[in-house]
Amino acid sequence: MSEPNSPASSPKNSVEYSLVVENVSRCVAFMASKNADLVHAPGDMGAEFASSEVPAVTLYDYMCRGVFMKLKESTKVWKAAYVLIKRFWSKAPKMVTPLTVHRVVLCGYMVAMKCTSDLIFPNKYVAKYGGVALANLNVMERHFLSVLDWDVFISKEEYSKLCTPLPLSTTASRRLTAAVLYARA
């Protein structure tokens with residue numbers, strides 16, 4: 001699934017990069033909004049991803065200024081992360097909630113980066129800039145991969161179907177904005 005790091009997939013093309021990040025954040029936030037009322041108790045499926053409260057930072061802001069900007073990976077990593085997160089959600093939809101979505105995105109991005117990039121950052125680095133403890137990140141990564149049955153291969157067909165273009169038009173984007181953004185407590 002390796003795609004050359006062309007100027008269009010480079011983070012230096014900030015317009016395309018911003019659009020991809022915005023579309024991924026909206027799609028994933030929409031998945032989480034489907035489970036807005038779920039609360040994860042210790043031992044529940046998805047509890048290892050859960051924050052104690054909905055993060056004050058929006059998913060888009062987290063994706064723009066957190067670990068992801070420090071790592072400066074290309075749009076191909078975001079697109080691969082979206083495919084893996086969508087696959088994760090289809091297998092365990094109740095695990096993607098407003099309390100878990102930031103950490104699910106962190107794991108999806110980290111796994112996608114490991115699968116698509118020549119430059120791999122250690123989990124310690126990702127944990128630091130992602131705002132989670134290393135031990136928690138390791139547990140989340142293992143759980144994320146186990147839900148996927150350790151299948152991280154993305155076929156060209158799956159990639160094309162989900163990522164070319166990313167599934168939000170401007171009209172759909174405006175319509176989903178209100179539904180996707182969840183209220184801050």
Side-chain angles (χ1 to χ4, degrees), residues 1-3 9 11 17 19-35 40 45-51 54-55 57-117 119-134 136-155 158-159 161-164 166-168 180:
M1 208 300 320
S2 180
E3 156 185 316
S9 68
Y17 186 81
L19 285 173
V20 169
V21 171
E22 180 181 4
N23 285 340
V24 170
S25 72
R26 285 189 173 156
C27 291
V28 176
F30 180 74
M31 293 174 201
S33 72
K34 297 286 190 181
N35 297 316
H40 297 279
M45 187 165 87
E48 54 279 327
F49 292 98
S51 299
V54 175
V57 64
T58 66
L59 185 59
Y60 175 75
D61 288 341
Y62 178 71
M63 291 165 68
C64 283
R65 66 179 174 186
V67 63
F68 316 106
M69 292 310 288
K70 301 280 188 220
L71 300 178
K72 296 188 190 254
E73 285 296 323
S74 67
T75 57
K76 73 177 179 184
V77 177
W78 274 119
K79 291 175 180 180
Y82 174 68
V83 171
L84 295 176
I85 293 165
K86 176 101 171 154
R87 192 182 295 167
F88 179 86
W89 181 66
S90 70
K91 291 182 178 218
K94 292 186 178 187
M95 290 181 66
V96 182
T97 71
L99 292 173
T100 64
V101 69
H102 291 70
R103 293 175 180 191
V104 168
V105 165
L106 181 64
C107 285
Y109 184 87
M110 183 176 67
V111 170
M113 179 184 58
K114 289 178 178 182
C115 296
T116 61
S117 253
L119 181 62
I120 306 299
F121 293 91
N123 285 14
K124 180 180 176 182
Y125 187 83
V126 175
K128 176 183 175 185
Y129 289 105
V132 297
L134 176 59
N136 291 354
L137 182 63
N138 291 337
V139 168
M140 290 186 293
E141 180 184 23
R142 279 191 303 274
H143 195 80
F144 186 88
L145 288 166
S146 71
V147 168
L148 297 179
D149 296 322
W150 298 83
D151 178 17
V152 294
F153 176 77
I154 301 171
S155 69
E158 185 178 22
Y159 185 84
K161 179 181 170 187
L162 291 174
C163 296
T164 315
L166 237 92
L168 282 181
V180 170

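All values reported here derive from a predicted model rather than from experimental measurement.
Under the 4.5 Å side-chain criterion, counting only non-hydrogen atoms from C-beta, Val105 is in contact with Trp78. For the pair Met63 and Val28, the minimum side-chain heavy-atom distance is 4.5 Å or more. Between Ile85 and Cys107, every side-chain heavy-atom pair lies at or beyond the 4.5 Å cut-off. Here the side chains of Leu84 and Phe144 are in contact, with some heavy-atom distance below 4.5 Å. No side-chain heavy atom of Val104 sits under 4.5 Å from any side-chain heavy atom of Met31.
Closest approach of Glu158 and Phe153 over heavy atoms only: OE1-O, 4.1 Å. Here the closest non-hydrogen pair linking Thr97 and Thr100 is N-OG1, 2.8 Å. Of all heavy-atom pairs spanning Leu134 and Lys124, the tightest one is CD1-N, 3.6 Å. Between Ala81 and Gly108, the shortest heavy-atom distance links the atoms CB-O, 3.7 Å. Nearest heavy-atom pair, Pro98 versus Pro55, reported as atom, atom and distance to 0.1 Å: O-CD, 3.8 Å. When all heavy atoms of Val77 and Ala112 are compared, the pair lying nearest together is O-CB, 3.6 Å.
Listed by chain and number, the residues in a side-chain contact (heavy atoms from CB on, under 4.5 Å) with Lys114 are Met110, Ile120, Asn123, Glu141 (sequence neighbours excluded).
Distance alone, capped at 3.5 Å, places no donor-acceptor pair between the Arg103 side chain and the Val132 backbone.
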* Going through the checks in order, is the side-chain contact (heavy atoms from CB on, under 4.5 Å) test met by Thr116 and Lys79? -> CA-CA 10 Å; Thr116 61; Lys79 291 175 180 180; over 6 Å; no
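Using bins of under 30°, 30° to 60° and over 60° for the plane-to-plane angle, the ring pair Tyr62/His102 lands in the perpendicular bin.
Rounding to the nearest 0.5 Å gives a distance of 10.0 Å between OG of Ser146 and NZ of Lys91.
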